[in-house]
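Following: one structure in structure tokens, then a few remarks.
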Amino acid sequence: MGMTSQASEVELQDLLRRSLAATGQAARWTVDTDAMWCRLTPASATQRKQGWKLHVSATSASAPAVLARSLDVLLPGESVFKFARSLEQVSALNSRATPRGSSGKFITVYPRSDIDAAAIALELHRATAGLAGPRILSDQPYAANSLVHYRYGAFVGRRRLSESGLLVWYMEDPDGNPVEDVRTGRYSPPAWAVSPFPASVPAPPAPERAAAGPVLLGGRFSVREAIRHTNKGGVYRGRDLTADVPVVIKEARPHVEADASGSDVRDWLRVEARVLEFLDGTGLAPRLLAMFEHGGHLFLAEEEIPGVPLRNWVAERFRDVGGERYRAEALVQAGRLVDLLAAVHALGCVLRDFTPGNIMVRPDGELRLVDLELAVLKDDEPLPTTVGTPGFSAPERLAGAPVSPTADYYSLGAAVCFVLTGKVPSLAAEEPAARTAHERLAGWLAACDDVLRLPEGLTEMILGLMSEDPAERWDPERAGAALRRAVRERPGRTAAGRAGRATRSDETQGAVAGTVNHLIDSMTPEDESRLWPVSTKAGESDPCTVQQGAAGVLAVLTRYFEVTGDPRLPEVLSTAGHWVAARTDTRSTRAGLHFGGRGTAWALYEAGRVLDDRVLVEHATALALAPQEPAPHHDITHGRAGSGLAAAHLWYRTGDPRFAERVIEAADALVAAADPEASGVSWPAPPEVVTGRAGDRYLGFAHGTAGIGCFLLAASAVTGRREYRDLALAAGEALTASALTVGEAAQWPSRAGDVPTAPYWCHGSAGIGSFLLRLWQATGDGRYGDLALGAARAVMERASRAPLAQCHGLAGNGDFLLDVADATGDAGHRASAEALARLITAEQIRRDGHVVFPTEYGDVSTSWSDGSAGILAFLLRTRHTDSRLWTIQQPG
């Protein structure tokens, strides 16, 4: 922790100590602190589970005064409360990146009763009047311009599994039924919660709260729709009624990203207006139309640039035209990036945030700059900031270095890398830092060379622009010359010239060993809530499941022990297995392979089998045979198909007829739920499973037709029943009809009729191809085999763009390629899988003998779906010939 953070903590905690001493209240309060909060509990406190809670906002500059005045109100009382323990935490709560449902909540009060809530709110409102603080978006302001806000919600942390299998905070309705405590950027109390507060002065109408007709802002701008909402404010599409032209309107909320001087995001919006005025007439950026205030918020209206952000263009153009044509267009677009930055620098403007999200691609392909709030004009005094875009902002920029065009050169290199490869790799810090970020970037670009046909010189150009030493970075003139040479000399090296590097599987050995070390050393059996650390950015599931819990890691470590005999593993597997067994109820279980108890039973059985642990085997058997809780899901991850697949696996392992009965039970339910259609068959998914509409028909392996068809094919093999096989064939026909071929690549949408999605296991080609491959093996129908090979082509075309994980990424795609290699006997597919392994290992993060991998959200996780366990499973298969986890393994 730095000195500034220490000083700010001391300041707020000293203030608390002085207040306790001055009021003589110290003996009756218990003070607890953690990394974020300082919590005070009176000796007389009675614990309420839910009710009306109060929040008081502040800026980092006003927080000491807000806290001092609030303590005068709260310390004589009997209500539990907490406050952010440091000014750095206050700044974090008010940053532009903070979720809208959490922002601004400096102090939280848990009143003893609704009567107390109203009384305390009034006192706090009076005590903090005139001080600065942002509006808390999840709450209702007590009065106009008040720092005090209120909302109805849970007082204690109670969580339960939702229908989607994720843990959510909940409270109870008057009948005792659980209701999710939704925490969003909008005040929405439950209908049955009666407010004890006086009627608040309504907040000024903001565009997102418009209920009837378009909102008119600035007397001339009609708001049509929101582009996005963030903590700093919304961005909206609309129309300038005076000129009858489309506009974009940007909003800046008071006190967001406020610093000690009082500057906040409104000042950044004023900077953007000045830059737009400076660039007016150059054709490099939109034209500024107006700046105005509305309800205390600052707004900027600019002309709308037709087209899409470059970030979207890269994904959508590649999807629509295929890899071959995209490569040619990407070289042209890279040239435009170089010219764009050179032009704006020639005018004396440094951008400080030259990223694909801040560049628009017009329908004619030309580029325009947008979101220029960080830009600095020559001779202007810049607003200091370390805000930037990870992966695209120069390291010294994020550390607060003086403004320099060389930082934009780094961003240019990252943007060109993104356009050409579809990605900028995650290069999180290593411990110890034995490899520089530049060396790691070079390694990743070399791995990309296995799957891309980039012309000679472009890797050198990217590395030159992104040099760690600003003085050594290439400028746009040098980069442009290199790019022009590359275009003249295109194409790049042949695939044959790269094959030798792609087929070296020994490069994965260190990554495998380091990953296993991490999984062993990060296990925490003393933790009652979770055995291994996982990412929760996409939600958090049951701690024992395959998807994100202990079962996924346990299964992979069991496989690792089977193929290596590592003597450390028996104790680890036993500890993990018994930890899971102690937390799984054999009286009933949720459906599904990845989010339900059947997948957990599968993992426990395999661990018990290799350990010869009868207790684990018996618990796994009981869990696999336990009654299944009612569920509307049909799919592999959450539903009957996944439960049935686990039963089929255990039937092959044991021959126990009770598992065959479970297979029949699941398959019969899917027969009954099947919805025949012209192209074949589908199963409507409940909206709780994935975002969508009730009755959506998903095609992929995780949530739709492919996974269900795969189970039905297995069910036919277990039972000999023709109707299951016929239904699997109908599923194959539906997927055949929905295939979209671009060049040699076969792609599918998530839902029939949509545009194609990325070729991952969850929804796309890798998962659907896995089913069609098995259908081809079972039937000999070449159409299925051809589509499976087309899916393999789609996987390889997108390889450099993909995250690393099983669910959405290279590990799941690589497992599919190894399946194709096994089915066809074509060693080229194994070489392709090893090329994906090399891409994965190029992004490994080494930390004190451990290896971790970045998730698609930028953090790290041990889980099967998005983390190390799923990646390790694939890397093992490139070194040890073995079957794919969570597929049927018949006794050999």
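Source: prediction; values computed, not measured.
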Pair [X] + [Y], salt bridge at N-O below 4.0 Å:
X      : Y      : result
Glu606 : Arg559 : no
Arg440 : Glu430 : yes
Glu396 : Arg473 : yes
Glu797 : Arg793 : yes
Asp521 : Arg847 : no
Arg838 : Glu843 : no

Would you say the ring centroid of [X] lies under 6.0 angstrom from that of [Y]?
X      : Y      : result
Trp776 : Phe771 : no
His594 : Trp761 : yes
His763 : His808 : no

Is there a donor-acceptor contact under 3.5 Å from the side chain of Thr436 to the main chain of Glu439?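 Answer holds: yes.
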Donor-acceptor pair, distance only, cut-off 3.5 Å: does the side chain of Ser535 make one with the backbone of Val860?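 Between the backbone of Val860 and the side chain of Ser535 there is no qualifying donor-acceptor contact (under 3.5 Å).
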Should we count CD of Glu316 as having more than 12 external heavy atoms under 6.0 Å?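 It does: Glu316 CD has more than 12 such atoms within range.
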More than 12 heavy atoms of other residues, nucleotides or ligands under 6.0 Å from CG of Asp469: is that the case?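 Above 12, so yes.
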[X] [atom1] to [Y] [atom2] distance, which is reported to the nearest 0.5 Å:
X      : Y      : atom1 : atom2 : value
Leu452 : Arg327 : CG    : CZ    : 6.5 Å
His829 : Asp819 : NE2   : CG    : 11.5 Å
Met466 : Leu427 : CE    : CG    : 7.5 Å
Thr637 : Trp886 : OG1   : CH2   : 13.5 Å
Leu839 : Glu834 : CG    : CD    : 12.5 Å

We want to know whether Thr584 and His619 form a side-chain donor-acceptor pair, criterion being a heavy-atom distance below 3.5 angstrom.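 Indeed, the side chains of Thr584 and His619 share at least one donor-acceptor pair under 3.5 Å.
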Looking only at side chains, do Asp866 and Thr855 share a donor and an acceptor under 3.5 Å apart?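 Result is no, nothing qualifies.
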Could you go step by step and tell me if Thr564 and Asp566 meet the side chain to side chain donor-acceptor pair (under 3.5 Å) rule? CA-CA 5 Å; Thr564 68; Asp566 188 323; 5.1 Å; no
Before you tell me yes or no, could you show the steps for Arg530 and Glu540 under salt bridge (Lys or Arg N to Asp or Glu O under 4.0 Å), namely the whole-Å CA-CA distance, both residues' side-chain angles and the distance that decides it to 0.1 Å? CA-CA 11 Å; Arg530 191 162 286 280; Glu540 186 176 0; 3.1 Å; yes
Are any non-hydrogen side-chain atoms of Leu519 and Thr862 less than 4.5 angstrom apart?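 Leu519 reaches Thr862 side chain to side chain.
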Establish, for the pair Arg653 and Tyr605, whether the NZ or CZ atom is under 6.0 angstrom from the six-membered ring centre and no further than 45 degrees off its axis.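 No, Arg653 does not sit over the ring of Tyr605.
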Is Arg311 positioned over the aromatic face of Phe418, cation under 6.0 angstrom from the ring centre and no more than 45 degrees off axis?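 Relative to the ring axis of Phe418, which defines the angle, Arg311 lies inside both limits.
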Show the numbers, then the answer: is there a side-chain contact (heavy atoms from CB on, under 4.5 Å) between Asp542 and Leu167? CA-CA 7 Å; Asp542 183 293; Leu167 290 166; 5.9 Å; no
CA sep, side-chain torsions, deciding dist, call: His578, Asp613, side chain to side chain donor-acceptor pair (under 3.5 Å): CA-CA 10 Å; His578 286 279; Asp613 185 328; 2.8 Å; yes
For a side chain to side chain donor-acceptor pair (under 3.5 Å) check, start with the C-alpha distance between Ser770 and Arg884, then their side-chain angles and the critical distance, and finish with the verdict. CA-CA 11 Å; Ser770 294; Arg884 186 175 181 176; 3.0 Å; yes
Measure the acute angle between the ring planes of His703 and Tyr698, then classify it against the limits of 30° and 60° as parallel, tilted or perpendicular.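 Aromatic pair His703/Tyr698 classed perpendicular.
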